[in-house]
Number of protein chains: 2
Amino acid sequence: MRDNYYFIEKLRSLGLRPTKQRVRICKVLFDRNDTFHFTIYELANLLKLKSKEKISLATLYNTVHAFKKKGYLKEISINSDKSYFDTNISDHHHFFNESTNELIDLTDKDFDNIKLKKSLPGKKIKSLEILVKVANNN
Amino acid sequence: MRDNYYFIEKLRSLGLRPTKQRVRICKVLFDRNDTFHFTIYELANLLKLKSKEKISLATLYNTVHAFKKKGYLKEISINSDKSYFDTNISDHHHFFNESTNELIDLTDKDFDNIKLKKSLPGKKIKSLEILVKVANNN
DNA sequence: ACACTACTTTAGAATCATTATAAATTATAA
DNA sequence: TTATAATTTATAATGATTCTAAAGTAGTGT
């Protein structure tokens, strides 16, 4: 649905050079209807499926971190051996299914009124993340 | 404030054999007034200060995981290269200071009404954790 | 088109937290 | 005291991530 040109412009607008590796990564991550939760490993596999031209692991790490730094991706707080990223950069929260290691989005609307009443002097709030861990019944 | 006997009984009540390593670890973790947030590395350093008798790293990992499994410790959901644990096993939440990697407790009372309105069929909720990331002003 | 510079990609090595292994030790119950 | 199962331990292995330094590429100005 989105062509290379769209992502080239998008990358430029973020202040990132639109290399062919980055455009290919963008297409895998952002050329889709739903939000996408992924690990670097999963991203690497998707890229392999899409094309035979290899992108090095180092580039995947570099790119994902560059996107995160520019606010084009979010990292999700989970204590896991791997890092999880999310293409949905809006304020929202997650279910984490411990049986399958799957993430599911939650919105503010799924909660009544999250209002933090405490603040810390001399510190500014960067984010408020809620993680609801679930497991399959059985 | 708590003697070895207290922890020996505590360990037995959890179904864990009260070895001298476990008792020493308990004293470092639980013989204190405030709740304690730590990484394995920090725990290792505290133990070194308390006594010259070495406890192997493998034992620290084994013990902390055994305690977590028995509900005597909690693991905190942070995307970090290290795992963070908490001696406060009650339902509560955290500030995480990204400038210093410090954790600070938050209680339910620090929030209005956290009520999750969504559920997932076939899955049971294991925990609901809120992580508020902060950074030093400057 | 050309050259220059800074940015980017890359393979491979290095790092570091964590887990696995397998042998020695220890707690507990009979 | 003895048998057994649990525990500790040093060490190796694993695996995600970061580092390094050389080769390649995009953007700017000429």
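Labels below follow one simple rule: chain letters A, B, ... track the order of the sequence lines, proteins then strands, and each chain is numbered from 1.
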Taking for B:Lys54 and for B:Leu16 the nucleotide of DNA chain D with the nearest heavy atom, the one nearer the 5' end belongs to B:Leu16

With both distances under 3.5 angstrom, what nucleotide forms a Watson-Crick or G-U wobble pair with C:dA30?
D:dT1

Whole angstrom is fine here: how far is it from CZ in A:Arg17 over to P in C:dT8?
6 Å

Quick one: B:His65 NE2 to C:dA20 C1', roughly how many Å, whole number?
14 Å

Let me know the distance between NZ of B:Lys20 and C1' of D:dT9, rounded to the nearest Å.
11 Å

Does D:dT17 have OP1 or OP2 under 4.0 Å away from a side-chain N or O of A:Ser83?
yes

Hey, are the side chains of A:Arg22 and A:Arg17 touching, using non-hydrogen atoms and a 4.5 Å cut-off?
yes

Between the side chains of A:Gln21 and A:Thr59, does any donor sit under 3.5 Å from an acceptor?
no

Could you state the CD1-P distance from B:Ile55 to D:dA10, rounded to the nearest angstrom?
11 Å

Quick note, B:Leu57 side chain, CB onward, closest among C:dT18, D:dA10, D:dT17 is C:dT18

So, do B:Leu103 and B:Ile78 sit near enough that their side-chain heavy atoms are less than 4.5 Å apart?
yes

Are the aromatic rings of A:Tyr72 and A:Phe30 close, with centres under 6.0 Å apart?
yes

Between CD of B:Gln21 and C1' of C:dA27 the distance, given in whole Å, is 12 Å

Protein-nucleotide distance (B:Asp81, atom CG; C:dA17, atom C1'), rounded to Å:
8 Å

Check this one for me: any side-chain N or O of B:Tyr61 less than 4.0 Å away from OP1 or OP2 of C:dT18?
yes

Give a yes/no answer on whether the side chain of A:Arg22 brings an N or O atom under 4.0 Å of OP1 or OP2 in D:dA26.
no

Whole-Å distance between D:dA16 P and A:Phe38 CZ?
16 Å

Just by distance, no angles: are the side chains of A:Asp105 and A:His37 close enough, under 3.5 Å, to form a donor-acceptor pair?
yes

At under 4.0 Å, does any side-chain N or O of B:Thr19 touch on OP1 or OP2 of D:dT8?
yes

What is the distance, rounded to the nearest whole Å, between atom CG of B:Asn62 and atom P of D:dA5?
20 Å

Closest to the B:Ala58 side chain, choosing from D:dT9, D:dC19, D:dA26
D:dT9

